[in-house]
2 protein chains.
Amino acid sequence: MGGAQGTAGRTAAGDSARTQAVRDTAARLFGAAGYAGTTMNDIADAVGLLPGSLYHHFASKEQIAAELLTAFGTALTDVATAAAAHPPEPGAHAEQRVRQLAADVMALSFAHAAAVRLRAFEPPTVATARLREAMQLPTTGLERAWRDAVDGLRPAREGGADPALLRFALQQATLDASGSYRPDRDPRELAGHLCDVLLHGVAVACPPDADLDASAASRAAVEALAGWRTQEPPGGPRDRDTIVAAARTEFARRGYDATTVRDIAAAAGVRMGTLYRRVESKEALLREVLGRYSGHLADAVTAVLAAGSGEVETLDALARVFVHASRRFEAESCIVRYGWSGREAATSPFHDYYLETQERLRALEDLLARGVADGRLSTVPDMAWHIRSVLWLPFHQHARTGTARAHAFLRAALLRGALRG
Amino acid sequence: MGGAQGTAGRTAAGDSARTQAVRDTAARLFGAAGYAGTTMNDIADAVGLLPGSLYHHFASKEQIAAELLTAFGTALTDVATAAAAHPPEPGAHAEQRVRQLAADVMALSFAHAAAVRLRAFEPPTVATARLREAMQLPTTGLERAWRDAVDGLRPAREGGADPALLRFALQQATLDASGSYRPDRDPRELAGHLCDVLLHGVAVACPPDADLDASAASRAAVEALAGWRTQEPPGGPRDRDTIVAAARTEFARRGYDATTVRDIAAAAGVRMGTLYRRVESKEALLREVLGRYSGHLADAVTAVLAAGSGEVETLDALARVFVHASRRFEAESCIVRYGWSGREAATSPFHDYYLETQERLRALEDLLARGVADGRLSTVPDMAWHIRSVLWLPFHQHARTGTARAHAFLRAALLRGALRG
DNA sequence: GTCTATATATCGATAGAC
DNA sequence: GTCTATCGATATATAGAC
């Protein structure tokens, strides 16, 4: 197995060419704009039909999405089954097995980008019961495959990368890859470079923990993190901030698109009239939530970069920042994850946030370039993208993983390399 | 109790005037055009709102209908409870009790015409589960009230009117009255005249059964009924007649509006293309079904009227005809029952059939007028309407009632009077 | 298999009554 | 200042016809 997993993975025997065209078009649009963000009208326009005619091919919008998810699940099971067919062997082959699995899964993630988007980037509350069921991919086989593959690696040294977190990172990053990388890249090459980063690390020589903890960048990070803790006291019950806080919670639960102004008003305990007296629009609420979030992030990142430490120490401090950010701003992480679609459109309320993340990515690229230039960092193609996707992994979602353990893993894997001795 | 049961029966405390206006308007339109025949757009137009604005007042179209049905059920229970409060006494008061109950129920039927229409004249298949549940009126109390009232009447002579069928006729005719009479009549007067007809009969002197059976009208009726039995042999499987027969069955099951052309094609075992090759339109199918039906009815009625018997014998023969028609053309009876709304519109596919029923009603009126003129029939206001509603009662729906027993009941009640000695 | 017409329903936003 | 009732736009879906 392994190889090409093109649109063939989504075809169903016996379907007419037009039915297939509808499915493919829907997949493209779902992948780009999400389920709620894609209307039957959009699909019909793109295919060249009238909206009602779609219902000759599919019983409902939901059914199209469910079929895409099912096809993805089937393909994943096939990959896991093929991986299980070759029992793991310790030693030299082990790394190759991990790389093979990463490449296979990442290829699937790209081939089924719509399903990935639906499963991982769509808030569960917008989906009906049937669609939620289809979102539950059969990942037990895949988890077993990752466990076998990672267990085959040379046992970690004392203080090395936590194998459980390594499994988690590899599985999560490869499965959701199509949401983290640009679609024109080769997923198998990306998988290889991601493995380079996680298994071998990017620091040519890495200082001991004590030195990293004592760096100026680290101290700047810790200080910025302390600033995040300042919680504004909740004002009066009908205060504007109360509404913003309610919007934040609701956006995180349902996603921006699926959250109605009525939801927010109900959660804030006010009526529509009051809400619209306090805030301009639903979009303004999102901009405010994202603005505060991005401001906090920018403060911390700027402080770390300005501390003047070496590139390795700076990268370590950034890891500390992002690990804490995933926790402290879990709601905002959900919001941007769900709302990531259409981010590039200038009219999108996510656009400003998107631009700021692009700025931070460029700053990271500059940092890495300096590190490569002065010989402190090894180089890998698209290194900034890989590092960003690893820094943003939701480690806190993995059972009992606190920020300290997550940060320790990032040091061990990202800087020193999970396989390095 | 008893008295006025105007729109007050449908009001709900705490509703705004507009909400009440929406409910009342919906009731009016549902009563006139049925559930499927009334759109939210129609209601909104009539109230002076946009369709979407209706959803501020009611969660769904279904909810409006369910509230109307519930209000009708509550009012019926109140009537039954009030009737039970006065235990029945044998003797002179008994007839008055029956008349009181008939008047009360018929008044409710008129005040809740929309609910009556929804419950009795709407095919169950168009309703959702929740609406079907609301259609199940709490009639056990009412049945008990009718049993008590009718049992209080003087026991029937040997060969007199069957008390069970008398209960059935009174309950059915009063409950569905708003579907059988014009809405501008006073329901309490109508109830009184209906009781006159059923309890005292319209024949001044009624010949014995043997003479009725031997009349020329009776022989003409029996001969016409035999003609109905000629079943056209079902042609080829894709024959036009096969499609017409399938349409007849489907229309009866779901009602004309709710039956789709796809339903008919599936039932006939043909594809849409074949169907449209054989028949002109869905409407043409209905016209053909109703045309055959009306033709058979007209043949029988014309033959009976042309037999030249006396008015009493002729009426008895007509009773025979309609009792058999309810059975032989049960499907058609359902179809016209469900499709009765909008019958007066010239564009309605039911219009032709409606005109023919009007003709038959006029013929019945002429017959009755002759009978009154020559002293053979007693006179009651709107007599033809009452007789028609009794002749069309679906006796076969009452447990184990065959045509012979139903015809015997009509002779005993309609001609001789259930109470006459 | 597709079109045209139209159904029920939702949602962001706002005007105006209280 | 607050909230109710409304609009305008648009969503998903169905059905007759060809």
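Each chain gets a letter, A, B and so on, in the order the sequences are listed, and its residues count up from 1.
Nearest nucleotide to the T274(A) side chain, out of dT6(D), dC3(C), dC3(D): dC3(D). Considering only the side chain of K61(A), dA13(D) comes nearest among dA13(C), dA17(D), dA13(D). Of all nucleotides listed (dC18(D), dA13(D), dA9(C)), dA13(D) comes nearest to the side chain of Y55(A). For R18(A), the listed nucleotide lying nearest its side chain is dT2(C); candidates were dG12(C), dG1(C), dT2(C). Between dT4(C), dA17(D), dA13(C), one nucleotide has an atom nearer to the side chain of S281(B) than all others, and that is dA17(D).
Residue-to-nucleotide proximity on DNA chain D shows that, of P51(B) and G52(A), the 5′-proximal contact is made by P51(B). DNA chain D is contacted by both S60(A) and H56(B); H56(B) maps to the nucleotide lying nearer its 5′ end (nearest heavy atom per residue). Looking at which nucleotide of DNA chain C each of M272(B) and T39(B) is closest to, the 5′-most match is held by M272(B). Between N41(B) and Y276(A), the residue anchored nearer the 5' end of DNA chain C, judged by the nucleotide with its closest heavy atom, is N41(B).
Straight-line distance from the CG atom of L286(A) to the C1' atom of dC11(C): 17 Å, rounded to whole Å. Straight-line distance from the NZ atom of K282(B) to the C1' atom of dA17(D): 12 Å, rounded to whole Å. Look at OH on Y256(B): it is 14 Å from P on dA15(D), rounded to the nearest Å. Atom pair L275(A):CG and dC11(C):C1' shows a separation of 14 Å (rounding to whole Å applied). The distance from atom CD of E62(A) to atom P of dA11(D) is 18 Å, rounded to the nearest whole Å. The nearest whole Å value for the distance from the CG atom in L50(B) to the P atom in dT14(C) is 17 Å. Distance CE (M40(B)) to P (dT10(D)): 21 Å, rounded to an integer number of Å. Here dC11(C) presents its P atom at 10 Å from CZ of R254(A), a figure rounded to the nearest Å.
S53(A) comes within 4.0 angstrom of a nucleotide base, judged by non-hydrogen atoms across all strands. Nucleic acid contact for L49(B): sugar-phosphate only, since backbone atoms but no base atoms lie under 4.0 Å from a heavy atom of the residue. Counting any heavy atom pair closer than 4.0 Å across all strands shown, T19(B) reaches no nucleic acid atom.
No more than 12 heavy-atom neighbours from other residues, nucleotides or ligands sit within 6.0 angstrom of CD on E133(B). More than 12 heavy atoms of other residues, nucleotides or ligands lie within 6.0 Å of CD in Q358(A), so this atom counts as buried by the packing criterion. Crowding of R277(B) atom CZ: a count of heavy atoms from other residues, nucleotides or ligands under 6.0 Å not exceeding 12.
For dT2(D), one of the phosphate oxygens OP1 or OP2 lies less than 4.0 angstrom from a side-chain nitrogen or oxygen of R278(A).
Ring geometry for Y256(A) versus F350(A): interplanar angle over 60°, hence perpendicular rather than tilted (30 to 60°).
Judged purely by atom type and a 3.5 angstrom limit, S333(B) uses its side chain to pair as donor or acceptor with the backbone of F329(B).
Looking at R262(A), its side chain comes within 3.5 Å of the base of dG12(C) through a donor and an acceptor atom.
Looking at L297(B) and E356(B), their side chains never come closer than 4.5 Å, going by heavy atoms from C-beta outward.
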